[in-house]
Amino acid sequence: MVLRFDARDVSGFKLLFSLAIMYGLMSFVVHSVIYTKFIKPLGIDAPLDRFSEARAVEHVRVLSHDIGNRQEGHPGLREAAEYIKAQLERMKERAGSNIRIEIEENVVSGSFAMLFLGHGISFDYRNLTNILMRISSIDSKHSDPSVLVNAHFDTTLGSPGAADCGSCVASLLEIARIIIDSGWVPPRPIILLFNGAEESFLLGANGFMRTHKWRDSIGAFINVEATGTGGLDVVCQSGPGSWPSYVYAQSAIYPMANSAAQDIFPVIPGDTDYRMFSQDYGSIPGLDIIFLFGGYHYHASSDTVDRLLPGSMQARGDNLYSMVKAFAESSKLKNDHERESLGDAHDYNDEQAVFFDYLTWFMIFYSRRIALMLHSIPIAIFLIMPFLLRMMNYGLYCCFVTLYDFVKGMILHATGIMLAIIFPVIFSILRLLFSSYGMNWFANPYLAFLMFTPISLIGLLIPRTVFRVLPLSQDVSILKTSKEALSDEARFWGAFGFYALLTLAYLLAGFTGGFLTFFASASMLLAWISFYLSINFCGHQSVSCKISQTP
């Protein structure tokens, strides 16, 4: 038995090899992006008007290594507050005469109730320490709209807190240094809040929002957090309205944001200070920006300075400084009184926009009104396609029968997607019967890929294996096309219809992450157009192998 390949087969193998190289390069690019390998950290000797990761890391080293544990009741928390205040006082000494620097050690006490994970919880707290710095022009007033940047310097028990949130505090200290050393005079005041009690249910931010004299002047805020040791510094929450995310889209040097994160974050069993500023006590427009990668060090003893991913703090710092300037220079920055006066007429009360970055190179941002039109196109194409394919030659009845087959393909694809989700869940439960390490894959992401991806693919392929040829309602003799070809057509447009329907349903439900399924359906449409054109101009190209018997 001899395998013989003709010129078309060789061309097909060349295409497959080219695709393998292309996907390999794409994987390399994506890995470099999510781990910020393309960003070069600036050293200690970097220009004074640039954010320097090396300078920021020195602050992290002092907080996490020299001071260490920083919990309420532990002396390390007081040492950290004194260190932060001392650094700010040094900066104040070298500030120019055209800039006003105010530094406060604010001791807060109070009580409040909150709903957390569906349970009502009450808190009473006393003598918690926040450190604040307000940077403004010499002629500014306390009622002027200001920009707040918040980070917490406390840690969980047993964790040195290098990433969470020594890296956040260090970023703010370096931002303060840049503003003062660069000579930039902010047109609106900048308030830096170093709060000493975030890990204990957001008490520091609560104390600031309930008692401090500057709270009503805040026109926008940026909350900096970490649930990992670096990588993408993702905007996980933004609002109210679309203005904060629009400012981010316009100003971020390395944009790392997508509106789908806002749909996912509310189901995560946790919270950040963003809640206090934007929801519980302020309705202030703002952003919640969080390190995501290296989550296995989160709240652990391994959250040390040497675990920080190089380039991550540099990207955060460059973005943060650019955003602070953009918010401070925005004509839409309003204090609490001005926002209440404007009411529904102001942009703060518009609906959430759809936005996402492309490999941190640029941002795509469009309003919900545009999304309603844009995200409705795929489902309209799905409904029209049977008529475009059959109307001219086979009549109206055949169009509806074709649409019926497309719906069958949609149901089959939806079944595959559900099985692709259910099978890994069942596998993860069953493996607990044989292993005491329930989440060993969390510290080794490649294990998650090896364990769950094959299982998911099995679930996805089961419907196609069971129904090799889709049960068709179309008459093969009339269409003069094979059952296999019609079945493949119905599967393709059924999958397209599934993503098109999901895109529209996602948007109508009030979510903003429908761009994911929108671009999935758009990519499928482009692939179909390319295939259709290639068939018309080049004919069918197949990778086939001719087998012949030899004596």
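Worth saying up front: this structure is predicted, and the values here are computed from it rather than measured. Just so it is clear, the values below take in all heavy atoms, side chains as well, and ignore hydrogens, waters and symmetry mates.
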pair [X]-[Y]: side-chain heavy atoms closer than 4.5 Å:
| X | Y | value |
| --- | --- | --- |
| Pro186 | Ser136 | no |
| Asp164 | Thr227 | no |
| Phe362 | Pro255 | no |
| Phe291 | Ser167 | yes |
| Met451 | Phe427 | yes |
| Phe293 | Ile34 | yes |
| Asn106 | Ile131 | no |
| Ser302 | Arg307 | yes |

Checklist entry - Counting heavy atoms not belonging to Tyr358, are there more than 12 under 6.0 Å from its OH? => result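 Result for OH/Tyr358: open.
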Checklist entry - Is the count of non-hydrogen atoms from other residues, nucleotides or ligands lying under 6.0 Å from Tyr321 atom OH greater than 12? => result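 Yes - once you tally the heavy atoms of other residues, nucleotides and ligands closer than 6.0 Å, there are more than 12.
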Filter on disulfide (SG to SG under 2.5 Å), then keep only pairs touching [range], sequence neighbours left out; what's left?
| range | answer |
| --- | --- |
| residues 140-233 | Cys165-Cys168 |
| residues 238-294 | none |
| residues 195-242 | none |

Checklist entry - Under the salt bridge (charged side-chain N to carboxylate O under 4.0 Å, His left out) rule, what pairs show up with a residue in residues 169-187, not counting sequence neighbours? => result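 Applying salt bridge (charged side-chain N to carboxylate O under 4.0 Å, His left out) to every pair that reaches into residues 169-187, excluding sequence neighbours, yields Arg55-Glu174, Arg94-Asp181, Glu174-Arg177, Arg177-Asp181.
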Item to check | Qualifying salt bridge (charged side-chain N to carboxylate O under 4.0 Å, His left out) pairs with a residue from residues 118-135, counting only residues at least two apart or across chains | outcome: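 Pairs touching residues 118-135 that pass the test: Glu102-Arg134, Asp124-Arg126.
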Checklist entry - Just by distance, with hydrogens left out, do Asn195 and Asp273 show a side-chain donor and acceptor under 3.5 Å apart? => result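 Yes - a donor-acceptor pair under 3.5 Å links their side chains.
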Checklist entry - Can you list the steps and then say if Tyr506 with Phe511 is a ring pair (Phe, Tyr, Trp, His ring centres under 6.0 Å)? => result CA-CA 6 Å; Tyr506 205 78; Phe511 299 119; 5.3 Å; yes
Checklist entry - With a cut-off of under 6.0 Å to the ring centre and 45° to the axis, is Arg210 in cation-pi contact with Phe112? => result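 Geometry flag: not set, cation outside 6.0 Å or 45°.
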Item to check | For Asn319, side chain to side chain donor-acceptor pair (under 3.5 Å) partners two or more places apart | outcome: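 Expected list: none.
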Checklist entry - Residues two or more places apart in sequence or in another chain: which of them pass side chain to side chain donor-acceptor pair (under 3.5 Å) with Tyr125? => result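 Expected list: Asn206.
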Checklist entry - Taking only residues two or more places apart in sequence or in another chain, which ones pass ring-ring contact (aromatic ring centres under 6.0 Å, His included) with Phe208? => result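 Scan of Phe208 (ring-ring contact (aromatic ring centres under 6.0 Å, His included), adjacent residues dropped) gives His212.
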Next on the checklist: Could you work out, with ring-ring contact (aromatic ring centres under 6.0 Å, His included) as the rule, every residue matching His31, not counting sequence neighbours?
Outcome noted: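 For His31 the ring-ring contact (aromatic ring centres under 6.0 Å, His included) partners, ignoring immediate neighbours, are Tyr35.
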Checklist entry - For Lys141, which residues count as a side chain to side chain contact (heavy atoms under 4.5 Å, CB included) partner, sequence neighbours excluded? => result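 In terms of side chain to side chain contact (heavy atoms under 4.5 Å, CB included), with neighbours along the sequence ignored, Lys141 is linked to Ser143, Asp144.
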Checklist entry - With under 30° as parallel and over 60° as perpendicular, where do the rings of Phe201 and Phe123 fit, or are they tilted in between? => result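 Taking Phe123 first and then Phe201, their aromatic rings sit tilted (interplane angle of 30° to 60°).
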Next on the checklist: I'd like to know if Lys85 and Glu79 make a salt bridge, using a cut-off of under 4.0 Å between side-chain N and carboxylate O.
Outcome noted: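 No salt bridge links Lys85 with Glu79.
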Item to check | Evaluation steps, ring pair (Phe, Tyr, Trp, His ring centres under 6.0 Å), between Phe153 and Phe194 | outcome: CA-CA 7 Å; Phe153 59 88; Phe194 303 85; 7.7 Å; no
Item to check | Positive for side chain to side chain contact (heavy atoms under 4.5 Å, CB included) with Phe327, one of Leu148, Val149, Ile190, Ile222 | outcome: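 Passing option: Ile222.
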Where [X] and [Y] come nearest, the two heavy atoms and their spacing:
| X | Y | answer |
| --- | --- | --- |
| Phe355 | Ser245 | CE2-CB, 3.5 Å |
| Ala353 | Ser259 | O-CB, 3.9 Å |
| Val169 | Ala151 | N-CB, 4.0 Å |
| Ser52 | Gly43 | OG-O, 2.7 Å |
| Ser312 | Glu53 | N-OE1, 3.7 Å |

Item to check | side chain to side chain donor-acceptor pair (under 3.5 Å) pairs, two or more places apart, involving residues 62-72 | outcome: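 For residues 62-72, and leaving out neighbouring residues, the side chain to side chain donor-acceptor pair (under 3.5 Å) pairs sorted by first residue read Gln71-Thr155.
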Next on the checklist: Quick check for you: to the nearest 0.5 Å, what is the distance between Asn335 atom CG and Ser341 atom OG?
Outcome noted: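 One finds 8.5 Å between CG of Asn335 and OG of Ser341.
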Item to check | Pairs touching residues 264-283 that satisfy ring pair (Phe, Tyr, Trp, His ring centres under 6.0 Å), sequence neighbours left out | outcome: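 Pairs touching residues 264-283 that pass the test: Phe221-Tyr274, Phe221-Phe277.
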